[in-house]
Amino acid sequence: MKEITFDNITMARELFGNHNYNLARISEATGVKIDNRGNTLIIKGNSENIILTEKMLNQLYGLVQENFSIHPADIETAASALRNDSSCRLKNIFLDTILITFKKKNIAPRSPNQKLYVEAVRNNDIVFAIGPAGTGKTYLAMAMAVAAMTKGEINKIILTRPAVEAGEALGFLPGDLSEKINPYLRPLYDALHDILSIDRAKELIDQGSIEIAPLAFMRGRTLNNAFIILDEAQNTTSEQMKMFLTRIGNSSRALITGDITQIDLPAGKKSGLVEAKKILQDIPGLKFIFFNNNDVVRHRLVSRIIEAYDKDSSTKKMNKNETR
């Protein structure tokens, strides 16, 4: 058993959450029982979990003192980070502000791998981010791009993704070319509009400072002084990936994001992202960051869903090998 008393009752209540919601989540994440008596907590459980919970509570309390608002997903992230590295400093992750949105929302890393991602983007011209949906790959890339433009580090943001789902059916969709391809670019608009107001985003797009286009529109161009984001890169072919990487010009940076477990290419087509992962890792100035379900920042069930699918896939693969 361990007893912890926090000196500031107001900050303690912020840490505990409404109706002790955060405490319940912390208890669930660390496997202990937490009793609340005012600004004092009594932690019960095995010694290892008690030590983890104490570190976690003290560090989260320190974050609250820095006016950090604890999101439910942050609790599981904090528990996972401290369990994997007991010397981890949560402040170094959660307080690394990238950008403050037009809604006054602070965008910062939410996991150790996201912190590595942000640092990689700051220190390398080309970064590959590979991992499951919901790990912040595209959203953080967008925030880093807008931050770079705000600081005057680049003149243009280019957002692109392959429209592979359309295939040959693209010509049969209603509307002009813009109306045909917009559904495949919508996730990029959604991320952009969460960071910039719709009016400001439209203004920058109309000025040509932000360009959102299918990957095919990149062919034959040289992209200078730009921040280029290639999303859904698992659906590029080998030829498309090579084409994209060779478009990058002077004073430009590129982020390539994708999930190699969700490839939608036709049978027999090799993913350009999978190939790049195999042949480009040793090039200086180019960095690969790999995410997993512990980095998921969407609804807390998303990481469990991903884990369940991964487990089912592994089981099927093992059974297939056993029947050979």
Side-chain angles (χ1 to χ4, degrees), residues 66-69 71 73-74 94-110 114-115 117-122 125-127 129 133-163 175-218 221-233 244 247-258 297-299:
E66 298 278 354
N67 296 318
F68 180 83
S69 181
H71 187 274
D74 298 333
F94 294 137
L95 297 184
D96 183 6
T97 299
I98 299 168
L99 185 73
I100 298 176
T101 72
F102 76 104
K103 297 177 182 177
K104 306 303 180 185
K105 175 184 175 183
N106 180 51
I107 300 179
R110 293 297 208 188
Q114 286 194 359
K115 172 69 173 179
Y117 181 33
V118 170
E119 290 295 331
V121 174
R122 288 171 176 157
D125 289 334
I126 299 177
V127 175
T135 50
K137 303 183 301 295
T138 303
Y139 189 78
L140 285 176
M142 193 77 73
M144 295 287 284
V146 174
M149 175 175 279
T150 302
K151 295 173 185 176
E153 296 173 359
I154 48 99
N155 292 334
K156 187 169 186 174
I157 297 172
I158 299 173
L159 312 172
T160 185
R161 58 174 6 207
D176 59 21
L177 181 60
S178 176
E179 292 170 322
K180 293 176 192 290
I181 63 178
N182 270 345
Y184 303 102
L185 303 175
R186 177 51 51 191
L188 296 175
Y189 283 101
D190 290 343
L192 183 63
H193 290 157
D194 196 53
I195 295 169
L196 297 171
S197 69
I198 292 177
D199 288 343
R200 178 57 177 158
K202 184 177 185 303
E203 179 184 0
L204 291 172
I205 291 170
D206 290 344
Q207 291 173 356
S209 297
I210 296 179
E211 178 183 346
I212 305 177
L215 180 59
F217 284 34
M218 300 298 109
R221 301 174 62 184
T222 300
L223 307 173
N224 293 315
N225 202 26
F227 202 116
I228 314 151
I229 300 171
L230 170 58
D231 192 36
E232 295 289 320
F244 172 79
R247 300 305 94 204
I248 300 167
N250 294 322
S251 302
S252 287
R253 282 180 275 172
L255 271 70
I256 300 95
T257 70
V297 291
R298 292 180 182 169
H299 192 287

* **Inter-residue atom distance Q114.CD - K137.NZ, 0.5 Å rounding** => 10.0 Å
* **Contacts of R247 that satisfy side chain to side chain donor-acceptor pair (under 3.5 Å) - sequence neighbours left out** => none
* Structure fact -> Taken to the nearest 0.5 Å, the spacing of R200 CZ from L192 CG works out to 10.5 Å
* Side chains of P187 and R161: does their closest heavy-atom pair fall under 4.5 Å? -> yes
* Asked: Which distance, rounded to the nearest 0.5 Å, do you find between the CG of D96 and the CG of N106?
  -> 9.5 Å
* Min side-chain heavy-atom separation L196-I210 under 4.5 Å -> yes
* **Which residues share a side chain to side chain contact (heavy atoms under 4.5 Å, CB included) with K103, sequence neighbours left out** => T101, D194
* To do: For atom CG of D206, decide whether the heavy atoms of other residues, nucleotides or ligands shown that lie under 6.0 angstrom number more than 12.
  => yes
Would you mind writing out the side-chain donor-acceptor pairs for residues 143-159 within the sub-3.5 Å range, not counting sequence neighbours?
from	atom 1	to	atom 2	distance (Å)
T150	OG1	V146	O	2.8
E153	OE1	R253	NH2	2.8
N155	OD1	N225	ND2	3.3
K156	NZ	E211	OE1	3.1

* Donor-acceptor contact below 3.5 Å, side chain T160 vs main chain A213 -> yes
* To do: Output, in order, the C-alpha distance, side-chain angles, deciding distance and verdict of side chain to side chain contact (heavy atoms under 4.5 Å, CB included) for D74 and F68.
  => CA-CA 11 Å; D74 298 333; F68 180 83; 3.5 Å; yes
* Asked: When rounded to the nearest 0.5 angstrom, what is the spacing between CZ in F94 and NE2 in H71?
  -> 11.0 Å
* **Check: P162 main-chain N/O paired with E232 side-chain donor or acceptor under 3.5 Å** => no
* **pair F102-D199: side-chain heavy atoms closer than 4.5 Å** => no
* Interatomic distance, L255 atom CG to Y117 atom OH [nearest 0.5 angstrom] -> 4.0 Å
* Hey, does I256 have a side-chain heavy atom less than 4.5 Å from the side chain of F244? -> yes
* Asked: Knowing that exactly one of I126, L223, T222 qualifies, which makes a side chain to side chain contact (heavy atoms under 4.5 Å, CB included) with I248?
  -> I126
* Structure fact -> Rounded to the nearest 0.5 angstrom, the CG-OG distance for N224 and S252 is 5.5 Å
